[in-house]
Structure formats: structure tokens, C-alpha cells
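To start, the structure under review is shown below, and the notes come after it.
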Amino acid sequence: MARRHGGPAYAPVFGAAVVVSLLALLPLGFVVAMALETGWETAMALVFRPRVGELLINTVLLLGCTIPAAAILAIALAWLTERTDLPGARIWAWLAVAPLAVPAFIHSYAWVTMAPGLHGLAGGVLVSLLAYFPFLYLPVASQLRRLDPALENAAASLGYGPWRIATRVVLPQLRIAICGGSLLIGLHLLAEYGLFAMIRFDTFTTAIVDQFQSTYNGTAANMLGGVLVVCCFVVLGLEAAIRGSERYARVGSGAAGLPKKFRLQRSLLPCLLIPVLTVVLALGVPFVTLVRWLVAGGADVWRVAAIGTAFGHTLALALAGALLTTLVAMPMAWLSVRAPGRLQRALEVCHYYVGSLPGVVVALALVTITVTVARPLYQTVATVLLAYVLLFLPRALVGLRASIAQAPVELERAAMALGRSPLQAVWQITMRLAAPGAAAGMALVGLGITTELTATLLLAPNGTHTLATEFWSFTSEIDYAAAAPYAVTMVLLSLPMTLLLYLHSQRMAGR
Amino acid sequence: MTFLCLEGVGKVYGTTVALDRIDLEVPAGNRMAIVGPSGSGKSTLLRVVAGFEMPDSGRVTLDGQVLADGASFVPAHRREIGIVSQDGALFPHLSVADNIGFGIDRDVPDRTERVLRLMDNVELDRRLSGRRPHELSGGQQQRVALARAIARNPKLMLFDEPFSSLDAGLRDSMRKVIADVLQAAGMTSVLVTHDQVEALSFADRIAILQDGRLVQVGTPRDVYFHPKDPRTARFLGEAIVLPAMLGDGWVECGLGRISADTVGRRGPGEIMLRPDQLCLEPVAGGLPASGSNPTACFGRITAVEFGGAVCTIGISLMKGSPLAASYSDGPAANVDFKVRGLSIDLPPIGEMVRISVLGQAHVFDRTT
């Protein structure tokens with residue numbers, strides 16, 4: 001414990017982190033303030049009504065069906081690619097991550113044009129499953145790769161058969177990975193707008209956007225936003241409760257051995273069917289649809305000027321947002337590494353929780369706050385950027401924090417002993433060394449912004465056209481061919497992020 | 001003349017007292033070593049002097065300038081104190097030359113030449129100047145760290161366990177380089193280490209720290225032969241601690257009558273001898289007849305541990321030995337201890353030896 005706090009230079013950094021934390025608390029504060037302002041009776045009337053009940057049932061069914069299905073699919077795929085002699089396992093591993101490059105609302109666009117009859121819960125679950133299962137596949141596969149085979153060998157020597165080993169030894173070790181991935185999917189399901197709007201399945205998010213756009217009924221939308229925030233906290237709480245706090249790390253030192261591969265032999269063909277079918281549905285369908293619309297649209301749909309403008313706006317927003325988010329995350333990232341303590345943990349919670357709020361809640365909060373308190377900021381780029389900062393803060397924080405942890409405090413001290421002020425020492429040494437991690441974090445933020453739809457729709461100033469909003473307005477007019485070039489551009493832009501995620505998971509596993 | 005001065009410096013982490021009112025003075029041009037087991041607070045002390053940590057209480061002055069006193073605090077970058085830490089703390093993204101030149105202003109005209117001269121000073125090959133830290137050996141990295149620190153002509157040099165990541169041969173040469181550099185510049189320095197041999201051979205003065213308290217300060221010879229208490233004695237090297245009867249300028253213990261400075265004390269007490277003070281002589285044909293030499297003391301070899309340059313011999317005092325017999329009611333009768341022996345002249349186990357003592361025994365202060 002000896003090396004905690006006490007240095008002379010922490011106060012200003014804590015100050016900066018407190019300011020960011022207060023900003024991050026804005027959406028939550030907004031929800032609470034709205035509930036108080038509306039008054040008990042009105043709030044109750046708006047919350048306890050059949051419509052909210054329907055939405056709640058929809059949400060529970062959606063999460064209850066999608067997450068277990070995604071977990072089963074992800075575990076099956078992870079086991080096949082990591083622990084069996086499945087031919088082309090490395091390629092299948094890549095293809096299992098690739099659906100992440102297709103934004104969820106483009107998955108939905110593909111399915112709606114491929115099977116126009118698809119809608120409601122069944123459609124919602126199918127498309128969500130295909131769009132989001134990689135969030136579970138990634139951590140489960142990397143955990144499987146990291147598992148020490150000695151544990152399985154020990155179980156076998158104690159008389160356990162393969163099935164009992166799988167359920168009693170391997171599966172418990174995957175618990176954290178499964179919980180983490182499920183949480184991510186759950187939060188995405190709560191926040192997603194485009195996917196469910198297109199497949200005509202009502203969730204809180206679609207209801208809030210509808211309400212907001214059709215009647216501009218602030219109070220009703222705000223109350224729905226409040227219920228949605230409660231749903232998010234319930235999901236977070238469930239995950240924390242299920243994850244538990246047991247120790248899963250390897251006990252003992254030395255490198256773990258390589259697990260031996262299970263021979264599929266006669267079950268090879270049925271097993272091969274799982275990845276093939278997944279890839280056909282999750283990648284083949286969007287690919288075929290896009291090609292079909294591009295062919296149908298011909299050269300006419302490539303309105304280069306309009307696409308160029310949208311591309312330019314998107315790029316500018318993505319760059320500015322990524323830069324700003326990384327800068328804003330720096331004080332917290334540095335404190336988490338250098339000055340761990342109670343205050344730091346509290347501030348960190350503020351930084352992280354805001355990332356799990358749906359874009360629609362953040363957007364609602366910022367709209368209401370700018371309209372009532374800071375009118376000049378209403379519908380400005382500054383407000384959109386603030387929304388991006390809040391939504392993607394955790395992405396920037398995670399990468400920065402990990403790379404600052406790589407730069408030992410002794411280097412900062414050496415620089416100070418050589419005449420640098422604390423700020424110069426941090427900037428010239430620690431931030432310079434953290435630059436690769438910061439860049440990766442920035443890429444993740446930038447690419448998140450590229451395909452962000454909900455907050456951009458609600459907040460962007462008139463005349464700002466991003467790829468996502470243009471795509472959305474064309475599909476709303478059922479002009480699927482004209483939307484296709486925007487979809488293709490977004491997929492191409494998302495590919496690097498997917499690559500980054502895949503490589504990161506590989507590195508985490510140490511291979 | 002006192003150069004660095006600490007008065008009542010205290011530091012607390014949560015409920016752990018890291019430094020308990022430390023008073024320490026380092027004269028100008030002096031080489032001071034602070035030793036203590038790990039967790040004794042010595043690194044905290046160094047960080048307080050360097051300005052990386054603020055003391056909770058007390059006062060630190062350097063060359064008349066107040067560095068820390070209550071709320072007033074000079075930050076590390078304005079202290080002109082150089083530091084070399086355990087693993088060098090070289091900047092991994094900079095070349096050797098850039099590391100050494102880090103503290104030299106960019107607009108100094110002969111910057112490059114100065115960097116190269118510094119490399120000569122620490123006996124680093126000039127051809128290494130373009131290398132990155134990870135391409136250097138541990139010893140070379142420490143030399144770069146030393147050159148980098150002295151480049152700014154600091155008022156005071158701090159060394160935080162600078163040798164602990166080096167192997168034995170490199171340690172010696174690094175120690176010599178540091179000593180030469182400090183000598184040439186006439187710099188005052190403070191070394192922190194858990195290795196008492198390092199401290200004893202490097203420093204003009206040694207301060208011993210235990211549980212955040214300063215136990216003793218003195219010259220290496222002084223603290224080695226006159227430690228304050230048995231714990232300090234054992235920390236600085238092998239020690240034989242025996243109960244004894246104090247007389248006028250002598251003590252009587254299991255090893256016979258030994259001369260000692262008893263500073264006017266009489267009666268029972270505790271003494272210490274270093275194993276180096278004991279001389280063994282083989283005795284042929286068993287114990288000599290009682291009364292032939294009443295002050296002689298005998299022992300039997302119980303263990304021989306061959307260790308190359310340093311071999312250890314275990315001895316058990318003989319009960320039949322006349323003086324040991326007179327103490328048979330006390331624990332001294334069965335005292336076992338270890339001495340060092342020469343590798344070419346090790347006695348066989350079971351052999352009888354006559355034990356004689358060189359120099360004086362050290363009498364511990366009465367424990368309070």
C-alpha cells in the first residue's frame with residue numbers, strides 16, 4: 001500500500017476529473033430533476049400505464065431471448081474455433097467477429113429487404129442475435145484460449161468425464177467472459193434504435209424517439225427515459241450479482257500450457273454447419289442485400305457530392321469527437337493508475353456509468369438542458385460532440401488507462417528530478433508513452449461516432465448530414481437503393497475497428 | 001558544515017507510520033548511506049528528500065534553502081537534486097544521448113559534446129549514444145542514468161538501490177564509477193540500500209532505519225563494531241551476542257575474559273562479538289588438564305559449510321571448558337555460534353579447537 005497518493009501534483013488533476021465527472025452526471029441528474037419537476041401524480045400517471053407495461057414486456061422478452069441464444073451460439077463457436085480440429089479454425093474465428101463491422105441497423109435493413117414479412121419479437125431477436133453475438137464470442141474465445149489445460153487434466157485424473165469437465169470446470173471459468181459479453185449485448189439492446197425501428201419492434205428507445213419526433217412531448221419522453229435508465233441499472237446490477245467475486249485467475253506461476261485439440265472426426269460435418277450457417281446469416285445476408293441494391297440502383301445511387309458531404313461531416317465529427325473524448329478521459333486515466341483511492345473510484349464510476357446509458361437518454365438530457373438553460377448551444381456541433389464524449393468516454397478511458405499503466409511512475413519522477421514541472425513530466429513522458437494506447441482508444445471512439453445514429457438524429461444541427469443520418473432518411477423513405485452506398489461506406493469504415501477488437505482480444509490471450 | 005538537514009520529518013500512510021520524526025544531517029561532500037530492511041521507510045525518506053512526496057511534518061533544508069516546512073514545499077523540478085533509481089528509469093522512447101541530454105537545455109551550444117563527455121565520465125562507449133535503453137545491459141543502463149543525473153550538476157545526488165538489479169561483478173565496477181564521479185565533482189550524496197555490505201563499503205557515514213525510526217548514525221566502522229542493539233548488530237552482519245558479567249575494562253562470558261569498554265558499568269549485561277574477531281586453533285590430544293590455563297576457552301566443531309571464498313564453521317562451546325563450566329547455570333554454557341574460515345584450512349567436524357578473541361567486545365546499552 002505504501003505508494004498511494006500524497007504527491008504534490010494531484011489536486012489540479014483531481015479537479016479536472018471532478019469537472020468531467022459532473023458532466024457525466026448530467027444525464028442522470030436530468031432524469032432525477034425531471035421526475036421531481038413533473039410531480040409525483042403526473043409521473044405516476046405517465047409511468048404506470050399500459051403502454052409502459054407493453055414496452056417493459058417487450059424489453060424483458062427481447063433480452064431474455066437474445067442473450068441466452070447469443071451465449072449458446074458464442075460458446076459453441078468459441079469451442080469449435082479454439083478447442084477442436086475444425087478445418088480453417090482461424091478463418092472461422094475472423095468471420096465470427098466480422099459481423100461487428102456491420103452496424104446493427106444495416107443488419108436490420110438487409111433482413112427487411114430480404115424477408116419483408118419479418119417483424120415483431122421474432123424478427124427483433126433474430127437480427128439482434130446476428131448483429132451482437134460477437135460481443136460474447138470475443139471474450140469467451142479469448143478466455144477459452146487462456147484457460148490452463150492443467151485444470152482439465154487434473155479433473156480428468158480425478159475421474160471426471162468430458163461432459164462433467166465441460167460443465168464443472170470449463171464453463172465456470174468462462175463465467176466472467178459470459179457475464180461481460182451479456183452485459184454489453186444487454187446494454188446495446190436497450191440503446192439500439194435503428195434496428196428495432198426498421199423491424200417494427202417497439203422498445204423504450206424507439207418509443208422515446210417516436211414520441212420526441214412526432215409530438216415533441218417532452219414530459220412523456222422524459223419519463224420513458226427515466227424507466228429506460230432504471231432498466232440499464234437493473235441490467236448492470238444483475239451482471240454484477242451473477243458475476244460474483246470469486247477468483248478465476250490461475251493460481252501459481254509459470255506459463256500455462258497449450259490445450260490439446262478435440263478431434264471432431266465423424267461429427268465434423270454437423271459441427272461445420274454451425275459456423276457456416278452463422279456466417280451465411282450474419283455476413284451473407286447483409287452482403288447479398290447490399291450487392292443487390294447496388295446493382296439495382298446502378299450508377300445513379302452514387303451521388304458523389306452528397307455522399308462526399310456526408311463522409312466529410314462524419315469524418316470531421318468523428319475526429320473532433322475522438323480527440324475531445326481522449327483529452328477529457330486523460331485526467332481520470334492518469335489518476336486511476338497513479339492515485340488509486342476512494343475518491344478516484346467514485347470518480348471512475350461516474351466516468352464509466354455514462355457509457356452504458358442509451359444514446360437517446362443522453363440526447364434527451366442535452367436537448368432539454370440546452371433548450372431551457374443554454375439556448376445558444378441548442379442544435380450546435382458543440383452539443384453533439386458533448387453527447388459523443390459522454391457516450392464513448394469508457395472506450396477512451398480503457399485504452400488510455402492500460403497504456404498509462406505501462407509507463408512507470410519512476411519515469412515521471414526522473415523527468416521531474418531533471419527539471420521538468422509535473423505537468424511537463426506527465427505530458428512529455430507518460431502521455432508520449434501512452435500515445436499508442438490513446439490512438440487505439442481514439443480509433444474506437446471515432447468509429448463508434450461514425451455509425452452513431454440516435455443521438456446524432458436528435459441533436460445534430462440542421463444541415464449536418466452524417467453517413468448514418470443520410471442512410472436513415474433514405475430508408476425511411478423506402479429508397480433502399482439510394483441508402484446502399486452509405487451502408488457500404490459505413491461497413492468499410494467499421495472494418496478497422498473490428499480488426500482492432502480482434503487483435504486486442506488476441507493480445508489479451510497472449511498469443 | 002551541515003548541507004542536507006532533516007528535522008523531525010514524519011510521514012504516515014493511512015495507519016502505517018512510514019517515517020517517525022527523522023532527524024538527520026549530512027555534511028557537505030559526504031557520502032551517506034541509509035540502510036534498513038525492506039519496509040523500514042528508507043525509500044519514503046529518499047522520495048521526501050527528492051520532492052516526490054510531501055512530508056506530513058518536519059523540515060527539510062538543503063544548503064540553507066528550505067525545501068519543505070509545513071505548507072511551503074519546493075517541487076522536485078526546482079530542487080536541483082539528481083536521482084538514480086533501482087532500474088535506472090530511462091525513458092524508453094529516447095536514445096541514450098537524448099536520455100543523458102534530457103536535463104540539459106536545448107539551446108546550450110556544446111550540448112552534444114557535453115553528452116559525449118558525460119558518457120566518458122561514466123565509462124560508457126561513445127558508440128552507444130544512438131542506442132535505445134532496451135538495447136543496453138543492466139550495467140550500461142545504470143551508467144546512462146548516472147550520466148543523466150549528473151548532467152545538471154545537482155547539489156545533491158540520491159541513489160535508490162542502484163546496484164540491486166546488477167550481478168556481483170557489475171556491482172563492483174558500478175560502485176567504483178559512482179565513487180569516482182562523486183569524488184571528481186565533490187558532490188554530496190545519499191544512498192539507500194537494504195544491502196549492508198554495499199552501505200559499509202560505499203559510505204562515509206551510515207544511518208540505520210528500522211520501522212520508520214532512525215536507530216543509529218555513524219561511520220561504517222563505528223556502527224559495525226558498536227551497534228546500538230542486537231537487532232542492528234545482526235542486520236549489519238553476523239554477530240555473536242552473549243550474556244556477560246561486566247567488570248572494570250573487561251567482561252566475562254562463555255568465551256572467557258575479554259577486554260571491553262564497560263564505561264563504568266558493572267554486573268550482568270549483554271555483549272557482541274563479530275565472528276571475524278574469533279581465532280581457532282586445533283588442539284591435539286583432547287582437552288588439556290584443568291588449571292593449566294584458566295582463561296583458555298575450548299569448543300568442538302559441529303558443522304562445516306563450504307562456500308567458496310567464505311566458508312562457515314559451526315562451533316559448540318565445550319562444557320568441560322573451565323570458564324564455560326562456571327557459567328553452567330546460565331544459557332552461555334550451550335552457546336553455539338558460527339565463524340568464518342579459510343577454504344583451504346577447514347577443520348574436520350568433531351575436532352576440538354581453542355578459541356581466542358581479538359580486539360574488544362562491544363557492550364550493548366542497557367535495554368530500556
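Reminder, nothing fancy here: chain letters follow the sequence lines and each chain counts from 1. For the numbers below, each heavy atom of this structure counts, side chains included, while hydrogens, waters and symmetry mates do not.
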- Message: So, using ring pair (Phe, Tyr, Trp, His ring centres under 6.0 Å) as the criterion, who are the partners of B:Phe102 when residues are at least two apart?
- Response: B:Phe91

- Mark yes when over 12 heavy atoms from residues, nucleotides or ligands other than B:Arg117 sit less than 6.0 Å from its CZ; otherwise mark no. yes

- Heavy-atom distances under 4.5 Å only: say whether B:Arg152 touches chain A with side chain, backbone, both or neither. side chain

- Item | Heavy-atom pair of closest approach, residues A:Ala414 and B:Ala89 | CB-O, 4.0 Å

- Item | Winner by heavy-atom pair count (cut-off under 4.5 Å) against chain A, out of B:Gly88, B:Ala18, B:Pro92 | B:Pro92

- ring pair (Phe, Tyr, Trp, His ring centres under 6.0 Å) against B:Phe3, all qualifying residues, sequence neighbours excluded: none

- Looking at CZ of A:Arg413 and CD1 of B:Ile83, how far apart are the two atoms once the value is rounded to the nearest 0.5 Å? 8.0 Å

- Message: Can you give me the closest heavy-atom contact between A:Leu418 and B:Ala149, atom names plus distance?
- Response: CD2-CA, 4.3 Å

- Item | Interface moiety of B:Arg148 toward chain A, non-hydrogen atoms closer than 4.5 Å | both

- Query: Counting only heavy atoms not in A:Arg342, do more than 12 fall under 6.0 Å of its CZ?
  - Reply: no

- Task: Heavy atoms only: give me the nearest A:Leu411-B:Leu90 pair and the separation to one decimal.
- Result: CD2-O, 3.1 Å

- Query: Within residues 179-194 of chain B, which positions have a heavy-atom distance to chain A below 4.5 Å?
  - Reply: none

- Message: How close do B:His77 and A:Pro422 get, counting heavy atoms only, and between which atoms?
- Response: CE1-CD, 3.3 Å

- Message: For residues 423-434 of chain A, give me every residue with a non-hydrogen atom less than 4.5 Å from any non-hydrogen atom of chain B.
- Response: A:Gln428, A:Ile429, A:Arg432, A:Leu433

- Query: Within a radius of less than 6.0 Å around CZ of B:Arg175, do more than 12 heavy atoms belonging to other residues, nucleotides or ligands occur?
  - Reply: yes

